[in-house]
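Notes to accompany the following structure.
So you know, we letter chains A, B, ... as the sequences are listed, proteins then strands, and number each from 1. Please read all numbers here as calculations on a predicted model, not as lab measurements.
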Amino acid sequence: MPELPDVETFRTVLDSCAGGRTVQRVEVRDTGVLHGVSAARFRRELEGCRFAESERHGKWLLARTDGPTLLLHFGMTGQLVCCRPDENLHPHDRVTFTVGDDRQLRYRDQRKLKGLWLAGGEDVERLLGSQGPDAADIGRNDFDLLLTQRGGGVKSALIDQSNLAGLGNLLADEILWRARVDPAREAGRLTKEERGRLYTDMRRTVRSAVRAGRVPPRKTWLTGHRDDTDATCPRCGEKLRRGRVSGRSTVWCPHCQTG
DNA sequence: GCATATGTTATGAA
DNA sequence: TTTCATAACATATG
């Protein structure tokens, strides 16, 4: 699930659930989601800390506290939910943070592909050092450079987090479809116009997906037809094509998205 | 058993 | 050095 818009939602969940509150109790129910830190130290270092305002970079969520920073990555199936402490645990609730008599933040994740890190000042830089600029606030010129200076396919350029942080498989397909660019095109060979359309449509798509809290499966969007059998393009009605591009399942319209 | 899944990363090859 | 394809990670669903 999680791409930039989902992580942005988790950021608001974190801030509204736990922002300004003190961690009363940490429970690590599955150590498999902890990285580089033991369950004992994780608890010890976070209990008693107060959550400050959190930040997001790409698909990373940075939960600042008056102590260490908690870094969260949601892989494909992670989420952050706000519960009451007495609510039944979900089988995939891996770590819980009790932040009040009535509030408990839970890191819930089925597949445990990523998880939680604990970081002091420089550790944050080290963990996020390889991330490219965030897709939600990159400027037009920088975006242009990311495409022109890069070898390989345009879809790969969009979803490579070290190039541009935040876009995932669904968003990339949606943006390429809106901008009418074939996902297999070489990034460096796009025209100035195509790069301009990609930038504008990336901004639009990311903005409305953030407002929706996720990449919305609207029928006017390509994303709304990903799972259709015999899916057709919501713009021209042509049959959509699916295949693998840059190693990921890809859906595109061979009529609208020309090479 | 097989294929699929919105993410990342190690590995070997081009 | 960069980029690509592939497998791996852990788990569920069709």
Rounded P spacing from C:dT6 to B:dA3 in Å = 14 Å
Rounded to whole angstrom, note down the P distance from B:dT6 over to C:dT3.
-> 23 Å
Heavy-atom neighbours of [X] [atom1] exceed 12 at 6.0 Å:
| X | atom1 | result |
| --- | --- | --- |
| A:Glu53 | CD | no |
| A:Asp86 | CG | yes |
| A:Lys219 | NZ | yes |
| A:Arg241 | CZ | no |

Expressed as a whole number of angstroms, how long is the span from [X]:[atom1] to [N]:[atom2]?
| X | N | atom1 | atom2 | answer |
| --- | --- | --- | --- | --- |
| A:Asp6 | B:dG7 | CG | P | 9 Å |
| A:Asp109 | C:dT11 | CG | C1' | 10 Å |
| A:Asp173 | B:dT6 | CG | C1' | 10 Å |
| A:Gln79 | B:dG7 | CD | P | 15 Å |
| A:Lys155 | C:dC4 | NZ | P | 13 Å |
| A:Leu170 | B:dT6 | CG | C1' | 4 Å |
| A:Asp160 | C:dT2 | CG | C1' | 11 Å |
| A:Arg242 | B:dT6 | CZ | P | 11 Å |

Does [N] have OP1 or OP2 under 4.0 Å away from a side-chain N or O of [X]?
| X | N | answer |
| --- | --- | --- |
| A:Lys112 | C:dT11 | yes |
| A:Ser156 | C:dC4 | yes |
| A:Ser249 | B:dA5 | yes |

First encountered from the 5' end of DNA chain C, between A:Arg244 and A:Gly151 |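 Final value for this comparison: A:Gly151.
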Letter by letter from the 5' end, nucleotides 8-14 of chain B scores (B base, S sugar-phosphate only, - none; protein heavy atoms under 4.0 Å) SS-----
Close aromatic pair by centroid cut-off 6.0 Å: A:Phe74 and A:Tyr107 | yes
Report yes if some heavy atom in the side chain of A:Leu147 is under 4.5 Å from a heavy atom in the side chain of A:Leu198; otherwise report no.
-> yes
If you measure only the distance, is there a donor-acceptor pair under 3.5 Å linking the side chains of A:Asp93 and A:His90?
->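 The criterion, which ignores hydrogens and geometry beyond distance, is not satisfied for A:His90 and A:Asp93.
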Could you tell me whether the side chains of A:Glu174 and A:Thr223 share a donor-acceptor contact shorter than 3.5 Å?
-> yes
Select base, sugar-phosphate, or nothing to describe what A:Gly153 touches, counting heavy atoms under 4.0 Å on all strands.
-> sugar-phosphate
Is the Lys NZ or Arg CZ of A:Arg235 less than 6.0 Å from the centre of A:Trp177's six-membered ring, within 45° of the axis?
-> yes
Measure from NZ or CZ of A:Arg226 to the centre of the six-membered ring of A:Trp221 and say whether it is under 6.0 Å with the direction within 45° of the ring axis.
-> no
Side chain of A:Arg150: nearest nucleotide among C:dC9, B:dT6, C:dT3?
-> C:dT3
Treating a pair as Watson-Crick (purine N1 to pyrimidine N3 plus N6-O4 or O6-N4) or G-U wobble (N1-O2 and O6-N3) with both distances under 3.5 Å, list the stems of 3 or more consecutive pairs that involve DNA chain C.
-> B:2-5 with C:11-14, B:7-14 with C:2-9
Tell me if the SG of A:Cys17 lies under 2.5 Å from the SG of A:Cys82.
-> yes
Measure all distances between protein nitrogen or oxygen atoms and nitrogen or oxygen atoms of nucleotides 12-14 of chain C, and list the pairs falling under 3.5 Å.
from, atom 1, to, atom 2, distance (Å)
C:dA12, O4', A:Gln110, OE1, 3.3

Where does the angle between the aromatic ring planes of A:Trp60 and A:Trp117 fall among parallel (under 30°), tilted (30 to 60°) and perpendicular (over 60°)?
-> perpendicular
